[in-house]
Amino acid sequence: MAWKKEILQLLGKEKVLFDAASRGKFSKDYYWYSPILTQKLKDKLADCIAFPESEEELVSLISFAVKRKIPITVRGAGTGNYGQAVPLQGGIVIDMTRFHQVLEIGENAVTVQAGIRIGKLERILERNGKELRIMPSTYIQATIGGFVAGGSGGIGSITWGNLWDGNVHSASVYTIEEKPRKIVVSGDKLEQYIHNYGTLGVMTELQLPIEEKTDWMQAMVFHDHLDEAINFAHQFSGIETMKKRLLSVCEGALTKHFAPLKQYILPEKTLTMIEVDEKAKSEFVELVAEHKGILAHTIPAKQYRKGVRLSDFTWNHSTLWACKNEDNITYLQVEFDIQHLYHQVHLLKKEFGGEVLLHFEFIKRNGAIIPTALPVVRFTSEKRLYEIIQFFLNIGAKVHDPHTYLLGFGGWSLRMDEIIKIKQKNDPFHLLNPGKIADVTSYAQV
Ligand code: FAD
């Protein structure tokens, strides 16, 4: 590699890795959930992995890459599911985890470096009587920069919605130019920087809203039938007097995979996993009884995140447990409409039976309850998978396809025209995460 010596001089040998094992490890994320992405991405490899520790180092690294026209892919913890952090065209993977400082904790917002792991940030906030609004179920590993650039929602979304719903205040971003510019993006302009797979710049700092810490109690509730559990979740999500952070409904056949919860699982019954304000416990217990649910296990707030964490079985963790237990498991990302949900679920179960196991994450967006879902699918072929996706679309569900690494093709209503405009300014040589924006030809010609 022609530039090995130069980059070593730039950062020092402690901060650049060239060995095959590291290149392999840091060139992957959790794309292996998708057999389709696995085929496409398994051989992609960075030339080296860089670990800058300061903005000065980052700026000189970007400047060096631009002069030499070397592709750059930014990485947080590499827990993304669509190959977002996979270097499609080799080059330098920049690991951001050494940017891990909390810069300021205010009354309503926290400012952090983008590579801080969310779990660490939560612990620090907790000591200050505060907490984040939303985070992915991978919060222990995942970085805040990776969440903003690669994620969507998660724990907390039942109250606060997704990343786009006012859950990021501002981002400091370095452009990919010979003289990188640091820009601060806020307000409406932030929309294009969320879930853009790090294609518009390297984020170094983020400001996020925070809330007073709540004492979260965790609960496992069982119902005989999926319909009953959905009805319970629907009612519960509409009750404002009970603060909640998690509302996850899993079909009975899926719960057999949740080995660490085995002693509490009631086989074949639908499981709802909940995080609710402990102050609302009696109201919550009453609601469960009213809905003929079985409250099989509760974890008091003082044990929150100390032993078993129910969130480890929600969001895309449910799929992970199924993948651990069975071959040929994959998943979809779906949004239903609460008005038609019961009918849609009925149609899906009739059509697919055990081939598609339903798992819902209820979220709230602008006051509206939205049953999102990460159905677990028994994979047989790409053709069959897309037949299943088509069925979801035909019955009026929205699918965010997790089997593509192309930005904009997975749904989420991204404004690709705006993203491409900003890309031209921030990354004029198209060196940042190249290959993730499909329309490169027209982009290059504009
Ligand atoms: P990475 O995977 O490292 O990166 C993600 C994207 O962000 C990449 O495109 C990368 O280039 C870019 N990026 C990273 N850092 C920066 C930066 N500083 N500047 C610019 N771009 C950057 N996602 C959810 O939204 N909600 C969930 O609840 C959820 N649950 C999950 C459960 C499991 C078991 C798994 C495997 C994944 C889950 N995910 C979920 C996906 C993923 O874990 C999250 O989106 C996570 O926040 C990604 O963070 P990361 O640090 O690992 O990012």
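Order of listing sets the numbers, starting from 1, for every ligand and every atom in it. Only heavy atoms go into these numbers, but all of them, side chains included; no hydrogens, no water, no symmetry mates.
Proximity to Tyr197 (heavy-atom distance under 4.0 Å) selects the following atoms of ligand 1: 9 (O), 11 (O). Every atom of ligand 1 with a heavy atom of Ala142 under 4.0 Å away is listed here by number and element: 46 (C), 47 (O), 49 (O), 51 (O). Each of the following atoms of ligand 1 lies closer than 4.0 Å to a heavy atom of Tyr30: 36 (C). Heavy-atom contacts of Asn433 reach the following atoms of ligand 1: 9 (O), 11 (O) (cutoff under 4.0 Å). Counting atoms of ligand 1 from 1 in the listed order, those under 4.0 Å from a heavy atom of Ala149 are 7 (O), 12 (C), 13 (N), 21 (N), 22 (C). The atoms of ligand 1 that sit less than 4.0 Å from any heavy atom of Gly201 are 20 (C). The atoms of ligand 1 that sit less than 4.0 Å from any heavy atom of Gly151 are 25 (O), 45 (O).
Residues in residues 52-73 take part in no ring-ring contact (aromatic ring centres under 6.0 Å, His included) pair, two or more places apart or across chains.
The aromatic rings of Phe236 and Phe232 sit parallel, their planes meeting at an angle under 30°, below the 60° perpendicular limit.
Note: an N/O pair closer than 3.5 Å links Gly76 and ligand 1 by distance alone. Among the atoms of Asp29, none of the N or O lies under 3.5 angstrom from an N or O of ligand 1.
In this model, a donor atom of one side chain and an acceptor atom of the other lie less than 3.5 Å apart for Asn426 and Tyr193.
For the ligand labelled ligand 1, residue Asn81 lies inside the 4.0 Å heavy-atom shell. Look at Gly115 and you'll find every heavy atom at least 4.0 Å from all atoms of ligand 1.
Phe26 has its ring centre less than 6.0 Å from the ring centre of Phe51.
A cation-pi arrangement is absent between Arg378 and Phe352, since the terminal nitrogen or guanidinium carbon is not both under 6.0 Å from the aromatic centre and inside a 45° cone about the axis. Because its NZ or CZ atom is not both nearer than 6.0 Å to the ring centre of Phe336 and within 45° of the ring axis, Lys398 does not count as a cation-pi partner of that residue.
The protein heavy atom nearest to atom 2 (O) of ligand 1 is Gly80 N, 2.9 Å.
By the criterion of a heavy-atom distance under 4.0 Å, the side chain of Ala114, and not its backbone, is placed next to ligand 1. In His317, the parts holding a heavy atom less than 4.0 Å from any atom of ligand 1 are both the side chain and the backbone.
If you check each of Tyr33, Tyr31, Trp315 against atom 34 (C) of ligand 1, the one with the closest non-hydrogen atom is Tyr33.
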